[in-house]
Number of protein chains: 2
Amino acid sequence: MPIVQREIHRFQNFLVAQGLKITNERTALVREIFSTHYHFDADELLFKMKEKSVKISRATIYRTLELLVRSGLVRRVHLGEDHYHYEYVSGNSHHDHLICTTCGSVIEFHDPSLEARQLEICERKKFTPTFHNLQILGICDACRRKGEQPASPDRVQMITEDAMQLRK
Amino acid sequence: MPIVQREIHRFQNFLVAQGLKITNERTALVREIFSTHYHFDADELLFKMKEKSVKISRATIYRTLELLVRSGLVRRVHLGEDHYHYEYVSGNSHHDHLICTTCGSVIEFHDPSLEARQLEICERKKFTPTFHNLQILGICDACRRKGEQPASPDRVQMITEDAMQLRK
DNA sequence: TGGCTATTTGAGACTAAGTCTCAGTTGCAG
DNA sequence: CTGCAACTGAGACTTAGTCTCAAATAGCCA
């Protein structure tokens, strides 16, 4: 069974378990999220749906994202910008982010010894951790190689620009 | 020389060095920031000034905060809420935050071995870090002791509520 | 299958945080 | 003291997100 189908299934189970309804809008959104985007924001999603001529209102996007977060399928994260981003979880455990400030790409990593050290710190401060959030901002390998050349648009930027064009 | 005076001085040096002007508004804001608040947001600052009958517009608050960040005296941080917070730097090096999700209090810590580990991770991923950002959310010692008792207002909450009252 | 009703949706008003504009004011170099 | 570049305040504007309410619909039950 492809991942998308499995995740749609999981979400529907969650909905039923919560006494909520399985609607076309909700299913279409989960399909979209799990078939393409790894990291995305609400606006990107809204735009993608518009692009595909699937009419879903902004309110529904936000409402569904909230449900997805509650269901544990999706996580809401800050990626150093002034609005939230979302990423899907699909079974993988917690991870943190390296964020390239030049091209905007996001590299994930998970490091148990980093996590362990955090727990030690919490213990020392008598703090009971429930969640954490680490972003390391900097320059990715590809951008560093390109050096100081006046930013020739890379993949991520091109996507963004295309999106901007279409949005107009 | 009291800290406040020293920081006002530093900021004025920065302004002069940048060909910018030393104004009453800028000086009043730096004095306010460095004499009381450790962590604060723009709105709190705006409110505090209003309270003291020092008329400073929202635009100037934001403009001055930007200058303070550029001067390195103040840092802009995310503390798990949907708007920015600021904290003053005053010579101390980088640190990260434990944030209590019950009372909102913020505990700072600095852990060299955590930082070292982060550098190792970056090296492995060929990523050149410039900055990072770690928040650990959870429950502080005081709140944990209070257990499940329906949140009796603690210091931080009281301050917030007072502020809300006055703002009306 | 068809009706009923609680849930959901869309449209758009609203809010919060922050930015921008522009006319009037002020710091400060000469 | 004067002139002008820099600054400020007021408020319009923007962006991201929330809320409201009437209309639509999922899905239970007969």
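To find a chain, count down the sequence lines: A is the first, B the second, and so on, and within it residues start at 1.
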Inset, instruction - For A/Leu46 and D/dT18, give me the distance from atom CG to atom C1', rounded to whole Å. - result: 15 Å

Inset, instruction - Under 4.0 Å between any heavy atoms, over every strand shown, what does A/Asn24 touch: base, sugar-phosphate, or nothing? Just pick one. - result: sugar-phosphate

Legend entry - N or O in side chain of A/Thr23 less than 4.0 angstrom from C/dT7 OP1/OP2: no

Legend entry - Side chain of A/Lys55 (C-beta onward), nearest among C/dT9, D/dT8, C/dA11: C/dA11

Legend entry - Nearest-nucleotide comparison on DNA chain C, the residue closer to the 5′ end among B/Val16 and B/Arg76: B/Arg76

Inset, instruction - Take atom CD1 of B/Ile22 and atom C1' of D/dT8, then tell me their distance rounded to the nearest Å. - result: 17 Å

Inset, instruction - Whole angstrom is fine here: how far is it from NE2 in A/His85 over to C1' in D/dG17? - result: 14 Å

Inset, instruction - Taking only the side-chain heavy atoms of A/His83 (C-beta and beyond), determine which of D/dA16, C/dT8, C/dA17 contains the nearest atom. - result: D/dA16

Legend entry - Spacing of B/Ile56 atom CD1 relative to C/dT26 atom C1', expressed in whole Å: 14 Å

Inset, instruction - Measure the distance from CG on A/Leu67 to C1' on D/dT18 and round it to the nearest whole Å. - result: 15 Å

Legend entry - A/Tyr62 side-chain N/O to D/dG17 phosphate OP1/OP2 under 4.0 Å: yes

Legend entry - B/Ile121: which of A/Ile107, A/Asp96, A/Asp111 passes side chain to side chain contact (heavy atoms under 4.5 Å, CB included): A/Asp111

Inset, instruction - Calculate the interatomic distance between A/Leu65 atom CG and D/dG17 atom P; express it in whole Å. - result: 9 Å

Inset, instruction - May I have the distance from A/Asp41 (atom CG) to D/dG17 (atom C1'), rounded to whole angstrom? - result: 12 Å

Legend entry - Pair of N/O donor and acceptor under 3.5 Å linking D/dA26 base with A/Lys21 side chain: yes

Legend entry - No-H, no-angle donor-acceptor pair, A/Arg63 side chain to C/dG10 base, under 3.5 Å: yes

Inset, instruction - Please confirm whether A/Tyr86 and A/His39 have ring centers closer than 6.0 angstrom. - result: no

Inset, instruction - Kindly give the heavy-atom pair with the smallest separation between A/Leu137 and B/Phe127, and that separation in Å. - result: C-CE2, 3.8 Å

Inset, instruction - Could you say whether B/Ala59 or A/Leu15 is positioned toward the 5' end of DNA chain C, judged by the nucleotide with the nearest heavy atom to each? - result: A/Leu15

Legend entry - Whole-Å gap separating C1' (D/dA16) and CZ (A/Phe40): 16 Å

Legend entry - From D/dT18, D/dT8, C/dT7, nucleotide with atom closest to A/Leu20 side chain: C/dT7

Legend entry - Within the 6.0 Å centroid threshold, strictly below: B/Tyr84 and B/His78: yes

Legend entry - B/His132 and B/His94 aromatic ring geometry - parallel, tilted or perpendicular at 30°/60° bounds: perpendicular

Inset, instruction - Side chain of A/Glu25 only, please: which of D/dT18, C/dG10, D/dC7 is the nearest? - result: C/dG10

Inset, instruction - Confirm from the modelled atom types if B/Arg58 and C/dG18 form a donor-acceptor pair under 3.5 Å, side chain to base only. - result: yes

Inset, instruction - Please determine if a side-chain N or O atom of A/Arg26 lies less than 4.0 Å away from the OP1 or OP2 oxygen of D/dA26. - result: no

Inset, instruction - Would you tell me if any nitrogen or oxygen in the side chain of B/Thr60 comes within less than 4.0 Å of OP1 or OP2 on D/dG9? - result: yes

Inset, instruction - Determine the minimum heavy-atom distance between A/Ser113 and B/Arg117, stating which atoms define it. - result: OG-NE, 2.7 Å

